[in-house]
Amino acid sequence: MKTYPNPTIESIAGYVGQEVMLKGWVRRKRSSGKIHFVVIRDGTGELQGVVNKATIEAEHFERSAKLTQESSIIITGVPRAEPRASGGYEVDVTGIEIVQIAEPFPIQPKEHSTGFLMEHRHLWLRSRRQHAILRIRHEIIRACRDFFDDRDFTLIDTPIFTPNACEGTTNLFHTQYFDQTAYLAQSGQLYSEASAAAFGNVYCFGPTFRAEKSKTRRHLMEFWMVEPEMAFAELADAMDLAEGLLKMVMERVLERRQEELKTLERDISRLEAVVPPLPRVTYGEAIKLLQEKGVSIQFGDDFGGDDETVLASSFDKPVIVHRYPASIKAFYMEPDPETPNLALCMDVLAPEGYGEIIGGGQRIHDYDKLLARIKEHELPEEAFRWYLDLRKYGSVPHAGFGMGIERVVAWVCGLEHVRETIAFPRMLYTLYP
RNA sequence: UCCUCGGUAGCUCAGCUGGUAGAGCGUUCGGCUGUUAACCGAAUGGUCGCAGGUUCGAGUCCUGCCCGGGGAGCCA
C-alpha cells in the first residue's frame with residue numbers, strides 16, 4: 001500500500017505539489033453538481049479540498065457527496081497555492097476514506113444563544129473562535145512556565161484539599177475527607193511560602209476554587225492561578241517580577257499567535273503597548289485620581305468593578321496599584337514601616353475594563369506580628385500552627401503574587417466574558433458538560 | 001441574595017385588543033463544473049418551560065415554581 005506524508009494543515013505550504021494524506025473533520029461542504037468543495041480541519045488549521053468528478057474515481061466522488069458537517073475523514077490530495085482560498089492554499093483531492101459520517105451537528109455557522117453554546121461546550125470547542133482562544137491560553141501558560149523556569153524558580157505544586165480556610169469558609173467549596181471536612185484550595189500561597197523557605201524561589205500553577213455567588217464576566221468557580229513566591233524579597237521585587245512576567249506573556253503571544261489574534265479580530269496595538277515600565281501608583285494616588293474624575297469614593301474604600309475600569313482606562317497599559325489600607329487586605333500582608341496602616345501589597349489592573357489580573361505583595365515574616373493579625377481576624381490559630389512555624393525557623397522577608405490565567409486570557413483575546421477562556425468553565429450553578 | 005430581560009420547530013426568532021401555530025436556517029430529496037454562512041425547486045418539522053387559575057375559548061391575561069441571559073452585591 002502506498003504511503004504518504006501526513007503534514008498538519010498549518011504546515012501545508014511546505015508540501016505544495018506533493019501528494020499528502022490529511023486526517024480531520026469536515027468543517028462544511030458546498031456542491032456545484034460535479035464539483036464538491038470540502039473544508040477540512042485538523043486541529044491546526046483548515047483547508048479547502050476540491051473534489052472534481054472528472055478527475056477522481058466515481059466511488060470516491062460518491063463518498064464526498066455523503067459527507068456531513070463534522071464527519072471524520074482521511075483524504076489524499078495534492079496541495080497547491082490558490083489565491084481564491086482564504087488560507088492561500090487548496091488541495092486537489094485524489095481519494096477519500098470515511099471514518100464516520102456525523103449526525104446532524106447542533107452548532108451551525110450562524111448566531112446561537114450563549115446558553116445553547118454553553119450546553120454544547122464539548123462541541124463548541126471545535127469552532128474557529130474557541131480554537132483560537134484556547135491556543136492563546138496555551139501560549140500564555142507556556143510563557144508563564146518558561147518565564148519562571150528560565151529564572152530557576154522551582155515548581156512546587158500545592159494541595160487542592162486543604163484542612164482549613166484562610167478566612168472563613170463561606171466562600172469555599174467543602175467536601176468529605178473521610179471523617180473530616182476538607183476545603184478546596186482557593187490559593188496555593190500559604191504553601192508556596194513554606195516552599196520558598198525550602199527552595200528560595202518557587203512557583204505553583206494549578207486550579208483554585210471559590211464558591212462565591214458571583215455572576216459576572218470576570219468570575220468562574222474554578223480558575224487557574226500561577227503563584228510565584230520569593231524568599232529574601234520585598235514588595236518592589238514582586239512588582240518587578242510581575243512586570244517582567246507580563247512583558248514575556250505579551251511578547252510570546254504577539255510573536256507566536258498572530259493568526260489566532262487575527263481570527264479574534266483583536267486590536268493588536270493595545271497589546272503592543274504593554275511594554276515596561278508599567279505605571280505604578282499608590283492606593284492613595286489612585287483614590288485621588290478617581291475623585292478628580294468625579295467618582296465618589298473615599299480613602300479606605302475598596303475599588304468596585306467600575307472604579308477599576310475608570311482607573312485602568314487612565315493608562316494605556318496595565319497599572320500597578322500598591323500600598324492599600326491594611327484594613328481591606330488579607331491578614332498576612334506586611335505593614336508599610338513608614339505608614340503602618342498601609343499594607344505592602346499590590347494589584348495589577350489590566351486596561352480596557354479587564355480588572356485585577358494580579359494580586360500580591362510582601363508577607364509578614366515576624367512571628368508576633370503575624371500571630372497578632374491572626375487573632376485580630378479571629379482566625380483559628382491551631383489551623384495556622386504550621387504557617388506560624390515558618391516564622392520561627394529562619395524567617396526572612398518574602399514576597400510573591402498570584403496571576404489569574406483566565407482574566408489574562410480574556411484581556412489578551414479581548415473577550416467579553418471569562419467563560420470562553422477555559423475549555424470547560426465551571427459557572428455559578430452550571431456544572432454541565 | 002437583589003434588580004432586570006427572557007423561555008414558541010434541531011437552531012435564531014415572529015405571533016396585534018384572548019379565537020386554536022408561522023418565517024428563515026438546518027435536515028432529507030432533486031438540479032447546477034469555482035463554491036466562500038453558495039444558489040434554485042420540493043419535502044420534513046411543535047407537550048408554546050412546568051403547575052394551577054380566569055374564560056365558551058389561553059402561546060397571549062393572573063398566581064406560584066423551574067431554567068437561562070445581563071447587571072449589582074460578594075470577591076487575599
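Reminder, nothing fancy here: chain letters follow the sequence lines and each chain counts from 1.
- Listed by chain and residue number, A:Val281, A:Phe303, A:Leu311, A:Val321 satisfy the side chain to side chain contact (heavy atoms under 4.5 Å, CB included) test with A:Ala286 (two or more places apart in sequence, or in another chain).
- Whole-Å rounding puts the A:Ile56 CD1 to B:U33 C1' distance at 14 Å.
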Protein-nucleotides 4-10 of chain B N/O pairs under 3.5 Å:
| from | atom 1 | to | atom 2 | distance (Å) |
| --- | --- | --- | --- | --- |
| B:G10 | N2 | A:Gln108 | NE2 | 2.6 |

Report each atom pair, protein N/O against N/O of nucleotides 30-32 of chain B, whose distance is under 3.5 angstrom.
| from | atom 1 | to | atom 2 | distance (Å) |
| --- | --- | --- | --- | --- |
| B:C32 | N3 | A:Gly33 | N | 3.3 |
| B:C32 | N4 | A:Ser31 | OG | 3.3 |
| B:C32 | N4 | A:Gly33 | N | 3.4 |

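- Partners of A:Glu352 under the side chain to side chain contact (heavy atoms under 4.5 Å, CB included) rule, at least two apart in sequence or in another chain, are A:Arg266, A:Arg270, A:Tyr354, A:Trp411.
- Rounded to the nearest Å, the gap between the C1' atom of B:G57 and that of B:G70 is 37 Å.
- Evaluation of the side chain to side chain contact (heavy atoms under 4.5 Å, CB included) rule for A:Arg151 yields A:Phe147, A:Phe153 as partners, not counting sequence neighbours.
- Listed by chain and number, the residues in a side-chain hydrogen bond (donor to acceptor under 3.5 Å, both in side chains) with A:Arg145 amount to none (sequence neighbours excluded).
- Annotation: salt bridge (Lys or Arg N to Asp or Glu O under 4.0 Å) contacts involving residues 384-406 of chain A, sequence neighbours excluded, comprise A:Arg137-A:Glu406, A:Glu193-A:Arg391, A:Glu382-A:Arg385, A:Asp389-A:Lys392.
- If you measure from atom CZ of A:Arg419 to atom P of B:G69, you get 7 Å, rounded to the nearest angstrom.
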With a cut-off of 3.5 Å and sequence neighbours excluded, list every side-chain donor-acceptor pair involving residues 19-26 of chain A.
| from | atom 1 | to | atom 2 | distance (Å) |
| --- | --- | --- | --- | --- |
| A:Glu19 | OE1 | A:Lys2 | NZ | 3.3 |
| A:Glu19 | OE2 | A:Thr94 | OG1 | 2.6 |

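- At a cut-off of 3.5 angstrom, the base of B:G70 holds at least one donor-acceptor pair with the side chain of A:Lys215.
- Side-chain N/O atoms of A:Glu90 and A:Gln48 include a donor and acceptor closer than 3.5 Å.
- Of the residues listed (A:Lys369, A:Arg373, A:Gln189, A:Arg363), the one engaging A:Tyr332 in a side chain to side chain donor-acceptor pair (under 3.5 Å) is A:Gln189, and it is the only one.
- Residues passing the side chain to side chain contact (heavy atoms under 4.5 Å, CB included) test with A:Leu123, sequence neighbours excluded: A:Phe105, A:Pro106, A:Ile107, A:His120, A:Arg126.
- Among the heavy atoms of the strands, none lies under 4.0 Å from A:Arg27.
- Side-chain atoms of A:His219 come within donor-acceptor range of the base of B:C75, with a qualifying N/O pair under 3.5 Å.
- To the nearest angstrom, P of B:G70 lies 10 Å from CE of A:Met118.
- Counting distance only, with no hydrogens placed and no angle test, the side-chain atoms of A:Ser214 and the base atoms of B:C75 include no donor-acceptor pair under 3.5 Å.
- Rounded to whole Å, the separation between the C1' atoms of B:G10 and B:U44 comes to 12 Å.
- Remark: A:Arg426 engages no residue in a side-chain hydrogen bond (donor to acceptor under 3.5 Å, both in side chains) (not counting sequence neighbours).
- Put simply, CD on A:Glu90 is 18 Å from P on B:U33, counting in whole angstrom units.
- For residues 414-433 of chain A, the set of pairs meeting the ring-ring contact (aromatic ring centres under 6.0 Å, His included) definition, not counting sequence neighbours, is empty.
- Between the CD atom of A:Glu70 and the P atom of B:C11 there is a distance of 18 Å, given to the nearest Å.
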Could you spell out the base pairing of RNA chain B as a dot-bracket line? Use Watson-Crick and G-U wobble contacts where both distances are under 3.5 Å, [ ] for crossing pairs, | for partners on a different strand. (((((((..((((.....[..))))((((((.......))))))....(((((..]....))))))))))))....

